[in-house]
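Quick note: numbers below take in every heavy atom, side chains included, and nothing from hydrogens, waters or symmetry partners.
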Amino acid sequence: MAHFGRTLERLRTQAGFATAYAYYHRNGGRRVFPFSFSYYRKIERGLSLPKAAWLPVLVHNLRLLTPMEGSQALTKALLSDLVGDEAVFRDFVEPLFIPAPS
């Protein structure tokens, strides 16, 4: 489950939130996020995965210049952790993210 947590931590840091605490609490904490801070830490540490419905909240609060890039990175990381097998993900899931030729 480490892919999602590492990706979220990288995007959070790039967004200017040096710590998980700053990201969670400066964005409104429990009023905004559908989970507690301790659960958020479990997500970043790779000990748990968020529900798919929570992805928009995470991406929105990262305040990325290109939210689609953050959405795609987190979605790929989530799917990678769900599949669990690097080779299967690389061969069967990752190609789905390559735009089809026009």
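- Between Arg6 and Glu9 no salt bridge is recorded (no basic side-chain N to carboxylate O distance below 4.0 Å).
- Heavy atoms from other residues, nucleotides or ligands lying under 6.0 Å from CD of Glu69 number 12 at most.
- Within the 4.5 Å cutoff, side-chain heavy atoms of Tyr24 are placed close to those of Arg30.
- Residues satisfying the side chain to side chain donor-acceptor pair (under 3.5 Å) criterion with Ser36, sequence neighbours excluded, are Ser38.
- Screening Asp81, Leu79, Leu78 for a side chain to side chain contact (heavy atoms under 4.5 Å, CB included) with His3, the sole residue that qualifies is Asp81.
- Residues Arg10 and Thr13 are not in side-chain contact: their nearest non-hydrogen atoms beyond the backbone lie 4.5 Å or more apart.
- Scanning all heavy atoms of the two residues, the minimum distance from Phe17 to Arg12 falls at O-NH1, 2.7 Å.
- Sorted by first and then second residue, the pairs that involve residues 42-99 and meet ring-ring contact (aromatic ring centres under 6.0 Å, His included), not counting sequence neighbours, are Phe35-Trp54, Tyr39-Trp54.
- Looking at Leu62 and Tyr23, their side chains come closer than 4.5 Å, going by heavy atoms from C-beta outward.
- In this structure, Pro50 and Leu55 approach most closely via the heavy-atom pair CG-CD2, 4.4 Å.
- Smallest separation of non-hydrogen atoms from Leu64 and Gly70: CD1-CA, 3.5 Å.
- Rounded to the nearest 0.5 angstrom, Thr7 OG1 and Gln72 CD are separated by 11.5 Å.
- In this structure the side chain of Asn27 reaches within 4.5 angstrom of the side chain of Arg63, judged on heavy atoms.
- Residues forming a side chain to side chain donor-acceptor pair (under 3.5 Å) with Asn61 (at least two apart in sequence, or on another chain): none.
- Side-chain contact between Leu58 and Phe33 is present, with at least one heavy-atom pair separated by less than 4.5 Å.
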